[in-house]
Amino acid sequence: MRCAPNPNGPWHVGHARMPAVIGTYRDRYDGWFCVRFDDTDPETKRPDLEAYDSILDDLEYLGFEPDAVYKASNRLETYYDHARELIDLGGAYTCSCSGEEFSELKNSGEACPHRDKDKATVLEEFEAMVDGEYDSGEMVLRVKTDIEHKNPALRDWVGFRMIDTPHPREEASEYRCWPMLDFQSGIDDQLTGVTHIIRGIDLQDSAKRQQFVYDYFDWEYPEVVHWGHVQLDAYDVKMSTSTISELIEEDDLDDWDDPRAPTLKSLRRRGIRGDAIVDAMVELGTSTSDVDLAMSSIYANNRELIDDETDRRFLVRDGTELPLGGSPPEEANPPLHPDHAERGVREIPVGDAVLLEAEDLPNREERLWLKGLGCFQYTRDTLQYTGEDIEVVREGDVDVVHWAPAEESVPVRMRTMDGDVSGRAEPGVGDLESDELVQFERVGFARIDRHDDETVVYYTHP
RNA sequence: GCUCCGAUAGUGUAGUCCGGCCAAUCAUAUUGCCCUCUCGAGGCAAUGACCGGGGUUCGAAUCCCCGUCGGAGCACCA
């Protein structure tokens with residue numbers, strides 16, 4: 001199988017579907033898959049030189065290593081050779097009609113005057129194309145199919161055209177005669193031994209087009225599955241490489257790993273495992289209708305992967321300070337993980353005041369249980385320690401909330417899909433390694449990114 | 001306009017090829033209860049779907065036709 005991306009930028013989440021599915025199939029059935037960069041349009045789909053590595057990097061994040069990596073722009077001579085052979089078989093002709101002219105003829109099912117040229121002329125003109133003797137638009141090589149085919153999309157399609165703009169890759173920058181996707185891809189699938197193709201519904205006619213070439217060469221066409229488009233809920237930003245690229249350009253997004261961007265680099269930075277994405281993609285199946293992928297299903301997968309190993313911490317967002325009274329303990333020791341007592345406890349110095357989230361602020365005379373600390377009653381604008389047992393919580397009339405010491409807490413900026421949130425976390429958070437995951441109790445999972453003036457974390461999911 | 005393709009709960013999916021075991025599977029979501037010093041995890045329960053209409057048949061989610069809705073192609077893009 002193959003994954004044939006157009007290297008025009010880092011991958012968005014939707015791109016993960018192909019490697020997820022073919023990678024999973026490969027592993028399951030002892031198969032083979034390659035990445036083939038279909039970079040045969042140096043102009044309108046101009047490749048981005050950084051994208052080649054960036055895509056392989058994204059692939060690694062998803063947990064797959066391709067069995068081979070190809071670049072179509074390295075293989076021009078191969079395509080030329082096959083074109084020559086095809087000409088010799090009478091399956092192609094050079095054509096100098098303008099796109100418009102040809103389109104009109106084609107739509108009325110009429111052949112253009114170039115269709116019946118003899119092979120020698122065709123070959124001669126094709127060699128001139130290869131040598132770059134024509135300018136863009138002057139000459140193309142058409143694959144001879146059936147000019148009266150009932151589906152106009154299949155009639156004598158273009159196999160090669162001239163492009164004046166040099167390819168961005170140095171190695172390919174001298175070429176001017178470029179194959180179209182259907183030609184290049186069809187040849188490569190055969191040459192690399194691809195037996196099964198998955199592609200989008202936008203390429204529904206590709207197989208039928210390429211079948212003509214396969215017939216000329218007497219090759220057997222691979223099995224094909226077409227799938228619909230994937231849409232992600234939960235994002236304001238459209239899942240499209242060009243849209244994301246523009247937003248970054250305009251500074252509406254920081255970069256490709258901005259938490260608001262629906263990209264793989266963003267999910268990675270938020271601490272989501274590649275496996276969680278892969279599993280969600282595989283669950284989507286390969287149906288030909290469009291599908292909506294719920295981020296919640298990626299989150300559910302991820303939570304299952306990380307919950308057990310992720311330690312707990314407190315983070316209070318936009319805290320309100322309340323003084324403490326009644327001699328509470330000087331230190332709180334909640335467990336690092338409620339299901340793993342063996343991992344030990346946290347040491348949180350309490351101080352004279354705590355921060356609470358707005359939603360958790362008690363009413364007058366109300367009791368509140370500060371997790372890992374004890375029971376307090378809100379009296380005369382102070383949280384008075386009552387010393388009561390956890391039983392009061394079990395009885396049901398005391399809410400349990402998380403908190404942070406007002407004094408010895410560390411400032412945190414949490415980057416989320418909906419923008420940044422600032423808050424303060426228990427002091428231990430300041431010592432966590434970059435890349436570590438935490439669960440802020442009653443807030444959600446987050447990945448520690450870095451410690452600057454404040455600790456920057458990326459919100460993972462609830 | 002011409003040509004393809006598709007339609008099962010909020011979302012995804014199984015079942016459709018080879019009609020009966022499907023008053024329709026599983027996951028996720030939402031809600032409620034239990035448990036828990038988290039709104040996490042775990043347990044239990046509830047919610048919720050075969051696009052419509054004809055036909056074939058003893059019997060249709062499944063086969064056929066018509067409609068509706070949706071998607072795609074008709075590029076010298078991928």
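Below, read A as the first sequence line, B as the second, and so on, with proteins coming before strands; counting in each chain starts at 1. These numbers come from a predicted model, not from an experiment.
Whole-Å rounding puts the A:Glu388 CD to B:C37 P distance at 16 Å. In this entry the distance linking CD1 of A:Ile298 with C1' of B:G12 reads 12 Å, nearest Å. Atom CH2 in A:Trp369 sits about 15 Å away from atom C1' in B:U38, given to the nearest Å. Remark: C1' of B:U38 and CG of A:Asp307 are 11 Å apart, rounded to the nearest angstrom. One interatomic measurement links the two molecules: NZ of A:Lys371 to P of B:G40, which rounds to 11 Å at whole-angstrom precision. Between the P atom of B:U13 and the CE atom of A:Met281 lies a distance of 13 Å, rounded to the nearest Å. Rounded to whole Å, the distance from NE2 on A:His149 to C1' on B:C4 is 10 Å. Between A:Tyr385 atom OH and B:C37 atom C1' the separation is 13 Å, expressed in whole Å.
Residues passing the ring-ring contact (aromatic ring centres under 6.0 Å, His included) test with A:Phe37 are A:Tyr52, sequence neighbours excluded. With sequence neighbours excluded, the residues that form a ring-ring contact (aromatic ring centres under 6.0 Å, His included) with A:Phe183 are A:Phe160.
Using bins of under 30°, 30° to 60° and over 60° for the plane-to-plane angle, the ring pair A:Trp178/A:His167 lands in the parallel bin.
At the heavy-atom level, A:Ser287 lies under 4.0 Å from the strands shown only through sugar-phosphate atoms. Within the nucleic acid shown, A:Asp135 has no heavy atom closer than 4.0 Å to any nucleic acid atom.
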With the criterion being N/O to N/O and under 3.5 Å, what pairs connect the protein with nucleotides 62-66 of chain B, and how long is each?
none

What does the list of N/O pairs under 3.5 Å between the protein and nucleotides 47-51 of chain B look like, with a distance for each?
none

I'd like a list of close polar pairs between nucleotides 27-31 of chain B and the protein, N/O only, cut-off under 3.5 Å.
residue : atom : partner  : partner atom : Å
B:U28   : O2'  : A:Ser296 : OG           : 3.4

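Contact between the side-chain N/O atoms of A:Arg394 and the OP1/OP2 oxygens of B:C37 is found at a separation under 4.0 Å.
Within the structure, ring pair (Phe, Tyr, Trp, His ring centres under 6.0 Å) contacts touching residues 4-25 of chain A (residues at least two apart or in different chains) are A:Trp11-A:His15, A:His12-A:His15. Pairs of residues two or more places apart, or lying in two chains, that qualify as salt bridge (Lys or Arg N to Asp or Glu O under 4.0 Å) and include a residue from residues 127-137 of chain A are A:Arg84-A:Glu127. Applying the salt bridge (Lys or Arg N to Asp or Glu O under 4.0 Å) rule to pairs touching residues 332-345 of chain A yields A:Asp311-A:Arg343, sequence neighbours excluded. Legend: salt bridge (Lys or Arg N to Asp or Glu O under 4.0 Å) pairs involving residues 280-307 of chain A, not counting sequence neighbours, sorted by first then second residue: A:Asp307-A:Arg312.
Contacts between residues 12-23 of chain A and RNA chain B, defined by a heavy-atom separation under 4.0 Å, are absent.
The two residues A:Pro349 and A:Pro427 make their nearest non-hydrogen contact at CD-CG, 3.7 Å.
With respect to A:Glu436 and A:Arg447, no salt bridge is recorded, no charged nitrogen being found less than 4.0 Å from a carboxylate O. Salt bridge status for A:Arg209 with A:Asp182: present, with a side-chain N to carboxylate O gap under 4.0 Å. Of the charged side-chain nitrogens involved, none lies within less than 4.0 Å of a carboxylate oxygen, so that A:Lys71 and A:Glu171 do not count as a salt-bridged pair.
Stems are defined here as 3 or more consecutive Watson-Crick or G-U wobble pairs with pairing distances under 3.5 Å; those involving RNA chain B are B:1-7 with B:68-74, B:10-12 with B:26-28, B:29-34 with B:42-47, B:51-55 with B:63-67.
Residue A:Asp292 places its side chain closer to B:G12 than to any other of B:U38, B:G12, B:C37.
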For this session: Just do the salt bridge (Lys or Arg N to Asp or Glu O under 4.0 Å) check on A:Lys106 and A:Asp156 with the steps written out, would you?
Result: CA-CA 8 Å; A:Lys106 178 194 72 180; A:Asp156 287 19; over 6 Å; no

For this session: Could you run through nucleotides 69-78 of chain B and give me one letter per nucleotide, 5' to 3': B if any protein heavy atom sits under 4.0 Å from the base, S if only the sugar-phosphate is that close, - if neither?
Result: --BSSSSBBB

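Between A:His114 and A:Tyr93, the ring center distance fails the sub-6.0 Å criterion.
In terms of modelled atom types and a separation under 3.5 Å, the side chain of A:Gln211 and the main chain of A:Lys208 share no donor-acceptor contact.
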